[in-house]
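Chain letters run A, B, ... following the sequence lines, proteins first, then strands; residues in each count from 1.
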There are 2 protein chains.
Amino acid sequence: MAKFSAIKEHVYNKIASGEWPENHPVSSENALASQFKVSRMTARRALQELADEGIVIRTKGSGTFVAPIKSQTSFMAIRNIADEIRSRQHDYASQVHVLRRQVASELIAEMLNIAAGDEVYLSVISHFENDLPVQVEERYVNPKLAPDYLKQDYHSLTPHEYLCEVQPLTEASHQIEAVAPSQQLCQWLHLSKPEPCLRIHRRTWSAKGVVTYAVLTHPGSRFSLGGHLQF
Amino acid sequence: MAKFSAIKEHVYNKIASGEWPENHPVSSENALASQFKVSRMTARRALQELADEGIVIRTKGSGTFVAPIKSQTSFMAIRNIADEIRSRQHDYASQVHVLRRQVASELIAEMLNIAAGDEVYLSVISHFENDLPVQVEERYVNPKLAPDYLKQDYHSLTPHEYLCEVQPLTEASHQIEAVAPSQQLCQWLHLSKPEPCLRIHRRTWSAKGVVTYAVLTHPGSRFSLGGHLQF
DNA sequence: TAGTGGTCTAGACCACTTT
DNA sequence: AAGTGGTCTAGACCACTAT
């Protein structure tokens, strides 16, 4: 692992563990440089990247401090589909189609920021609302960040829940598109004939890197995404 | 101005002016360093920041290249489609299909928070990116909040721009779904056969109430929505 | 005045891609 | 083999903040 990454992790752990609360001062560039026996430029890079990620705030002449927690005004919160369905007073169920390790294609490797040909974990799960599938979740997981992913029972716990436990998420990006479903997807979604589907591609990061890439496909007739913004 | 900023600007201008199109190679770190008489580390910082901003893509061993422009809109921000398209260095054009007053249906009345049967203004406009329609905008407007809506020329100004001027928006809600386009929409979108479309329903408020309800339909093959969240 | 972060230099070694 | 980006060093000067 690169030296600056090790320093980032060290600082992040102090914050995540609660040892350094909000606004607590972070070790200075010089302090980290001598502690880790690196040049100041290397220590600096670690702190700079944490600042870019919003984890830390730097003030010229004053120092580096743990950033206050952001207000929850996100347009699209990362929601757990099981909770979502249960909050509508409906029954939730799931069906696991695939749960195995496989070799990363080029696309998947790029999404997870690993090398093509490396091993990844893959799960494909249908999520049911009142006995009708509303989502097929195709999920690729970085084995280094969740080594026990394949050992979980995804009937009692969603992959999202498990991953949040072992790798608290710090960042996510989404891509939303409309697609025609494959024949396989039609089966999994219990669609007798193809209909437009809403597809969400979601990459999620923890402090240690990209944890997972998920492709979530929903039948257009059974799903829509909502959001609210205030200015 | 800092040296690395000057280099960033130089590279950005080459791209913005069109001199360096998509995937065009960008001067290497060493080339920029000698050209601007700075150290490689300084030239490197300029390119690195452009990469972080998604303007440029770097590949180890290969070089730095102008990033391909994705037809992608952030759903975190309400943006003006004309600006969006122009910011991708593409041509923008529009075609007005409908611009008239009509009686509000029950659905429209509810969306605009007025009485069914009241008069509303309606516009239907196609928005073109490089001569291909990427959005059909069907918009219902509350006449009380924008009485001159029908008198505008929507070739030089988008409805969104006009409404923001007369009624600064304070709030918005979105609903996103996948649908099969009607025959009429296929015509307006220049689709020879129906394909899954991404549809956004957007209600926007000013301080005085609901200003407008818009139904934005995009061909799935020509459009996707992106977003990024940090925690 | 001492300490901090912001910028910059002139080297270096490495892994990788292209030729 | 030559060129590229990724990492790192051991210095330097500056502007700013706190004391």
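- In this model, the phosphate group of D/dG5 is not approached by any side-chain N or O of B/S62 to a distance below 4.0 Å at OP1 or OP2.
- Between A/I57 atom CD1 and C/dG5 atom C1' there is a gap of 14 Å when expressed in whole angstrom units.
- The aromatic rings of A/F36 and A/H10 sit perpendicular, their planes meeting at an angle over 60°, well past the 30° parallel limit.
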Residues A/Y149, A/S123; criterion side-chain hydrogen bond (donor to acceptor under 3.5 Å, both in side chains); working and verdict:
CA-CA 9 Å; A/Y149 182 76; A/S123 61; 2.7 Å; yes

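- With DNA chain D read from its 5' end, the first of the two nearest nucleotides for A/K37 and B/G63 is the one closest to B/G63.
- The separation between A/N30 atom CG and C/dA2 atom C1' is 12 Å, rounded to whole Å.
- Between A/S28 and C/dT4 there is a side-chain polar atom (N or O) within less than 4.0 angstrom of OP1 or OP2.
- A/V66 places none of its side-chain heavy atoms less than 4.5 Å from the side chain of A/I55.
- The phosphate of D/dG6 has OP1 or OP2 within less than 4.0 Å of a side-chain N or O from B/R58.
- Rounded to whole Å, atom P of D/dA10 lies 16 Å from atom CG of A/L32.
- Aromatic rings from A/Y92 and A/H155 are positioned such that their centres are separated by 6.0 Å or more.
- Projected onto DNA chain D by closest heavy-atom contact, A/A2 and A/G61 fall at different nucleotides, the more 5' of which corresponds to A/A2.
- If you measure from atom CD of A/E49 to atom C1' of C/dG5, you get 16 Å, rounded to the nearest angstrom.
- You'll find that the side chain of A/T42 is closest to D/dT9, out of D/dT9, C/dT9, D/dG6.
- For the pair B/M41 CE and D/dA10 C1', the interatomic distance rounds to 12 Å; values are reported in whole Å.
- Neither OP1 nor OP2 of C/dG3 sits under 4.0 Å from any side-chain N or O of A/K60.
- Between A/R44 atom CZ and C/dC8 atom C1' the separation is 11 Å, expressed in whole Å.
- Atom pair B/K3:NZ and D/dC13:C1' shows a separation of 12 Å (rounding to whole Å applied).
- Looking at A/R40, its side chain comes within 3.5 Å of the base of C/dG6 through a donor and an acceptor atom.
- Here D/dT7 presents its C1' atom at 12 Å from CD1 of A/I7, a figure rounded to the nearest Å.
- Figure legend: A/R101 and A/Y121 shown without cation-pi pairing, the cationic atom not lying both under 6.0 angstrom from the six-membered ring centre and within 45 degrees of its axis.
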